[in-house]
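Note: hydrogens, waters and symmetry copies are ignored here, and every other heavy atom, side chains too, is used.
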Amino acid sequence: MTVPTTTDQHLHYLRLALAQAHHSPPTSTAYCIGAVLLSPTGSILSTGYTRELPGNTHAEECALLKLLPATPPAGSVLYTTMEPCSERNSGNKPCVERILEAGGIETVVVGVREPRDFVECNSGEGRLRKAGVGYVYVPGLEEEILGCAKRGHVKKEEVKKEGEEK
């Protein structure tokens with residue numbers, strides 16, 4: 001087995017990441033994201049999903065923490081349903097920093113870019129590319145990914161204006 005390169009191969013691993021995301025407990029203040037970390041030979045090293053581990057953890061963070069004490073071997077590929085965060089409102093370390101500090105991750109493959117619901121401008125893609133990490137956006141699962149990611153979010157039409165009658 002080798003590192004995936006075709007759209008169909010990327011979609012396969014993004015679907016695995018999406019399956020991880022479905023394990024995330026829904027909340028109105030964050031996304032439900034999944035991640036799969038592959039070795040350079042294409043075997044799964046680790047998986048993760050948002051809030052899997054204690055401490056308001058993100059999917060990429062969980063996948064990397066579960067790999068410890070090991071680090072990703074050079075040439076690894078990280079699949080994540082949503083663009084890794086470059087800023088966290090909680091004050092925790094952003095996933096882009098964690099990816100770069102872990103080392104070994106050659107490419108990050110994403111299914112959707114981060115919507116502007118919580119952070120106005122995610123610079124994850126730019127920061128990864130600037131550091132020499134490949135960034136691949138693979139279209140095709142956006143509706144499924146966002147449907148899962150936004151579980152627990154209150155839809156605008158569900159929010160009643162103050163004083164509005166039922």
Side-chain angles (χ1 to χ4, degrees), residues 1-27 29-114 118-119 122-141 144-145 148-149 151:
M1 183 185 245
T2 60
V3 171
T5 56
T6 68
T7 299
D8 284 344
Q9 290 171 324
H10 287 319
L11 286 170
H12 169 75
Y13 289 103
L14 283 172
R15 283 186 184 96
L16 292 178
L18 181 57
Q20 288 295 308
H22 280 288
H23 295 293
S24 300
T27 177
T29 59
Y31 298 112
C32 297
I33 307 301
V36 175
L37 181 60
L38 293 187
S39 74
T41 60
S43 62
I44 295 175
L45 295 170
S46 185
T47 61
Y49 59 87
T50 307
R51 294 174 297 286
E52 177 181 10
L53 300 174
N56 189 25
T57 52
H58 283 192
E60 302 92 333
E61 176 182 5
C62 290
L64 290 169
L65 286 172
K66 289 165 51 181
L67 190 61
L68 291 175
T71 58
S76 294
V77 178
L78 178 65
Y79 284 85
T80 181
T81 54
M82 188 177 288
E83 176 180 15
C85 66
S86 61
E87 179 182 327
R88 294 201 48 191
N89 292 332
S90 67
N92 291 340
K93 186 183 293 188
C95 292
V96 168
E97 286 181 36
R98 291 178 188 281
I99 291 166
L100 296 175
E101 288 174 3
I105 297 175
E106 181 176 285
T107 305
V108 175
V109 180
V110 303
V112 297
R113 292 184 171 89
E114 182 176 2
F118 303 113
V119 175
N122 185 346
S123 60
E125 176 182 358
R127 289 179 63 190
L128 290 167
R129 287 185 188 278
K130 186 176 179 179
V133 175
Y135 181 96
V136 179
Y137 164 69
V138 179
L141 296 175
E144 292 171 69
I145 289 171
C148 177
R151 288 180 303 123

T81 side chain vs G34 backbone, donor-acceptor pair below 3.5 Å: yes

Looking only at heavy atoms, which two atoms of R51 and A30 are closest? And how far apart? NH1-CB, 3.6 Å

Minimum heavy-atom distance between S46 and A63, given as atom pair plus value: OG-O, 2.7 Å

Determine, step by step, whether R15 and L141 satisfy the side-chain contact (heavy atoms from CB on, under 4.5 Å) criterion, reporting the C-alpha distance in whole Å, the side-chain angles of both residues, the deciding distance to 0.1 Å, and the verdict. CA-CA 8 Å; R15 283 186 184 96; L141 296 175; 3.9 Å; yes

For L78 and E60 the tightest heavy-atom approach is CD2-CG, 3.9 Å

Please report the interatomic distance OG1(T47) to CG(L38), rounded to the nearest 0.5 Å. 11.0 Å

Have a look at L64 and tell me which of L45, I105, T71 forms a side chain to side chain contact (heavy atoms under 4.5 Å, CB included) with it. I105

Within the side chain of S39, is there an N or O that forms a donor-acceptor pair under 3.5 Å with the backbone of S43? yes

Measure across G111 and L14 and return the closest heavy-atom pair with its distance rounded to 0.1 Å. N-CD2, 3.8 Å

Validation row: P139, T7 side chains within 4.5 angstrom (heavy atoms): no

Look up atom OG in S123 and atom CG in L128, then write down how far apart they are to the nearest 0.5 Å. 9.0 Å

Which value, rounded to the nearest 0.5 Å, describes the distance between E61 atom CD and E52 atom CD? 10.5 Å

Note, Y13 side chain near V109 side chain (heavy atom, < 4.5 Å): no

Flag, side chain of R98 to backbone of L65, donor-acceptor distance under 3.5 Å: no

Are T107 and V136 packed together at the side-chain level, in the sense that at least one heavy-atom pair is separated by less than 4.5 angstrom? yes

In Å and rounded to the nearest 0.5 Å, what is the CE to CG distance from M82 to L18? 11.0 Å

Is the backbone N or O of Q9 less than 3.5 Å from a side-chain atom of T6, with the two atoms forming a donor-acceptor pair by type? yes

Sidechain-backbone polar pair: S24 side chain, A21 backbone, donor-acceptor under 3.5 Å: yes

Between Y49 and H22, a side-chain donor and acceptor under 3.5 Å: no

Is it the case that the side chain of E83 and the backbone of E125 share a donor-acceptor pair, with hydrogens and angles ignored and the cut-off at 3.5 Å? yes

Please tell me if the side chains of Y79 and H10 come closer than 4.5 Å, counting only heavy atoms from C-beta onward. yes

Between Q20 and G48 the two heavy atoms that sit nearest each other are CB-O, 3.6 Å

If we ignore hydrogens and angles and just use 3.5 Å, is the side chain of R151 paired with the main-chain N or O of C148 as donor and acceptor? yes

I'd like to know if the side chain of T57 and the backbone of L53 have a donor-acceptor N/O pair within less than 3.5 Å. yes

Between S86 and G124, which heavy-atom pair has the shortest distance, and what is it? CB-N, 3.6 Å

